[in-house]
Amino acid sequence: MTDLGSIISYIREVHQSSQIIPLHLPFFKGREKEYVINAIDTLSVSASGTYLNDFETLLAKITHTKKSVAVVNGTSALQVALRVAGVRPNDEVLTQALTFIATVNAIIYNNAHPVFLDVDLDTMGLSYKAVARFLAENAEIREEGCYNKKTGRRISACIPMHTFGFPVHLEELLALCNLWKIPVVEDASESLGSKYKEKSTGGFGALGVFSFNGNKIVTAGGGGAIVTNNEQMADRSKHLITTARTPHPFEYYYEEVGYNFRMPNINAALALAQLEQLESFIEKKRHLAQVYIDYFKTKGICFRTETPNTKANYWLYTLELNNKTDRDLFLKQTNSSGVTTRPIWQLMYKLPMFSHYYRDQQENAQFLENRIVNIPSGIIQ
Ligand SMILES: *Cc1c(COP(=O)(O)O)cnc(C)c1O
């Protein structure tokens with residue numbers, strides 16, 4: 001890590017900025033203002049409106065899914081997707097420990113138990129090998145589904161997360177979960193527009209979830225969505241997020257406790273204008289990724305790239321440094337120079353509140369936790 005000064009200058013040159021360079025920034029160059037103003041002018045800023053419908057239609061089209069349901073944020077979308085997938089209190093849900101906390105929170109909100117399994121080194125996402133190992137040792141199939149023999153709990157879902165926009169090994173994971181009768185809910189919050197064998201992530205599992213938070217590749221200000229090819233699951237999702245009100249022209253009646261998780265139309269206006277530009281955003285991100293690939297090669301630093309058969313959206317640019325010492329120095333120097341960089345997340349079981357949940361050896365996750373950083377990834381004109 002001798003060349004940190006020149007790396008910092010190079011990133012500044014790329015961003016043509018001497019100010020603080022943030023990790024990510026929204027990019028508003030389409031019809032954002034027009035749509036948002038129109039939502040205000042037509043007094044349709046809240047729970048229903050044409051932007052909501054148009055946004056849902058376009059998202060379903062882009063993700064090659066039958067239906068999409070706009071939700072207030074990605075975390076709530078995950079929470080509801082798990083419930084719709086059939087997760088019940090006291091069940092177990094397989095996921096990775098190397099993820100953003102929202103993935104785990106959504107499991108806890110359903111009163112279920114996360115099971116932390118290792119990631120693959122190449123994708124940084126849930127490893128089908130780790131899942132296969134866990135299931136072979138612990139699981140059995142009964143009439144009502146897959147059960148953990150040792151805890152007696154039902155294993156009712158598996159959530160792979162496509163880290164920084166790099167798709168997990170979906171084919172192998174889906175085949176495995178299918179064999180064990182475990183529904184897959186993709187946390188595709190970071191991978192909007194990323195492809196696995198020509199098909200968009202989010203559309204592979206029983207349900208997929210996206211986030212449109214301010215730091216994601218497409219933003220609604222705040223927002224999320226559930227996508228699925230199962231119309232009943234889509235209808236059930238929409239029902240649950242609109243307070244689970246029984247349809248009636250005017251009476252208020254409810255058979256179960258739902259949520260107020262609908263995305264407001266004014267956010268959908270912003271999201272639609274953004275989504276219309278997704279392809280160009282990804283092109284720009286992939287172009288700069290190539291510039292960085294060439295540059296970091298000359299520095300002997302590993303810039304993480306997409307795996308075979310996938311096309312990544314390159315949401316956050318990612319470096320793999322040699323060891324934790326290099327990582328710590330890199331984070332310290334860049335951030336103190338106004339070039340915002342971030343480490344990958346701490347493994348979730350290291351948080352005291354999650355330390356009592358099951359985890360496997362986590363060799364790859366630990367390796368990556370010590371080495372992975374993100375560098376400024378905002379779109380450049
Ligand atoms: C952004 C994100 C979410 C959802 O975040 P919201 O801010 O609630 O929209 C969920 N999982 C992962 C991995 C994320 O990166």
Side-chain angles (χ1 to χ4, degrees), residues 22-26 55 59 63 68-83 85 87 93-110 114 116-117 119-120 123-126 157-168 170 184-194 201-202 205 207-227 237 241 259-264 267-268 270-271 274-275 285 312-318 342-348 351 354 365 368-369 372-374 377-378:
L23 193 69
H24 205 278
L25 273 180
F55 169 71
L59 183 64
T63 57
S68 102
V69 180
V71 182
V72 75
N73 60 52
T75 311
S76 308
L78 262 178
Q79 179 185 345
V80 174
L82 286 175
R83 182 163 160 188
V87 174
V93 176
L94 313 182
T95 195
Q96 57 205 69
L98 187 70
T99 186
F100 179 55
I101 193 164
T103 318
V104 186
N105 283 344
I107 298 170
I108 310 282
Y109 297 156
N110 279 283
F116 295 122
L117 302 178
V119 294
D120 283 319
T123 67
M124 300 179 283
L126 187 63
C158 173
I159 317 181
M161 198 280 281
H162 306 294
T163 304
F164 306 142
F166 298 108
V168 305
L170 272 164
V184 170
V185 176
E186 287 177 80
D187 185 347
S189 297
E190 306 187 350
S191 66
L192 179 66
S194 292
T201 57
L207 302 117
V209 167
F210 294 102
S211 165
F212 304 99
N213 192 23
N215 61 349
K216 297 302 206 283
I217 189 165
V218 158
T219 186
I226 298 169
V227 297
S237 301
I241 68 166
Y259 313 92
N260 177 18
F261 282 173
R262 191 85 170 114
M263 180 191 281
N267 294 88
L270 186 58
Q274 286 263 287
L275 201 55
K285 278 187 175 282
N313 66 4
Y314 283 93
W315 170 55
L316 287 187
Y317 298 128
T318 306
R342 288 289 179 265
I344 200 166
W345 315 278
Q346 280 189 47
L347 305 186
M348 284 295 129
L351 301 173
F354 296 153
L368 294 166
E369 187 197 35
I372 294 292
V373 297
N374 297 122
S377 306

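Counting starts at 1 for both ligands and their atoms, in listed order. These values consider heavy atoms only, across backbone and side chains, with no hydrogens, waters or symmetry-generated copies. Residue numbers run from 1 in the order of the sequence given.
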task = Evaluate the criterion side-chain contact (heavy atoms from CB on, under 4.5 Å) for residue pair Arg342 and Leu316; output intermediate values, then yes/no.
result = CA-CA 10 Å; Arg342 288 289 179 265; Leu316 287 187; over 6 Å; no

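- Phe354 and Phe116 have tilted rings, their planes meeting at an angle from 30° to 60° on a 0 to 90° scale.
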Any protein N/O atoms within less than 3.5 Å of an N/O atom in ligand 1? List the atom names and distances, or say none.
residue, atom, partner, partner atom, Å
ligand 1, 8 (O), Gly74, N, 3.3
ligand 1, 8 (O), Thr75, N, 2.9
ligand 1, 8 (O), Thr75, OG1, 2.5
ligand 1, 9 (O), Gly74, N, 2.8
ligand 1, 9 (O), Ser211, OG, 2.6
ligand 1, 11 (N), Asp187, OD1, 3.4
ligand 1, 11 (N), Asp187, OD2, 2.8
ligand 1, 11 (N), Ser189, OG, 3.4
ligand 1, 15 (O), Glu190, OE2, 2.6
ligand 1, 15 (O), Lys216, NZ, 3.2

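- Not less than 6.0 angstrom separates the ring centroid of Tyr259 from the ring centroid of Tyr109.
- Partners of Asn215 under the side-chain hydrogen bond (donor to acceptor under 3.5 Å, both in side chains) rule, at least two apart in sequence or in another chain, are Asn213.
- Side-chain contact between Ile241 and Ser76: absent, with no pair of heavy atoms (C-beta onward) separated by less than 4.5 Å.
- Residues Tyr314 and Phe166 place their aromatic rings such that the two centres sit under 6.0 Å apart.
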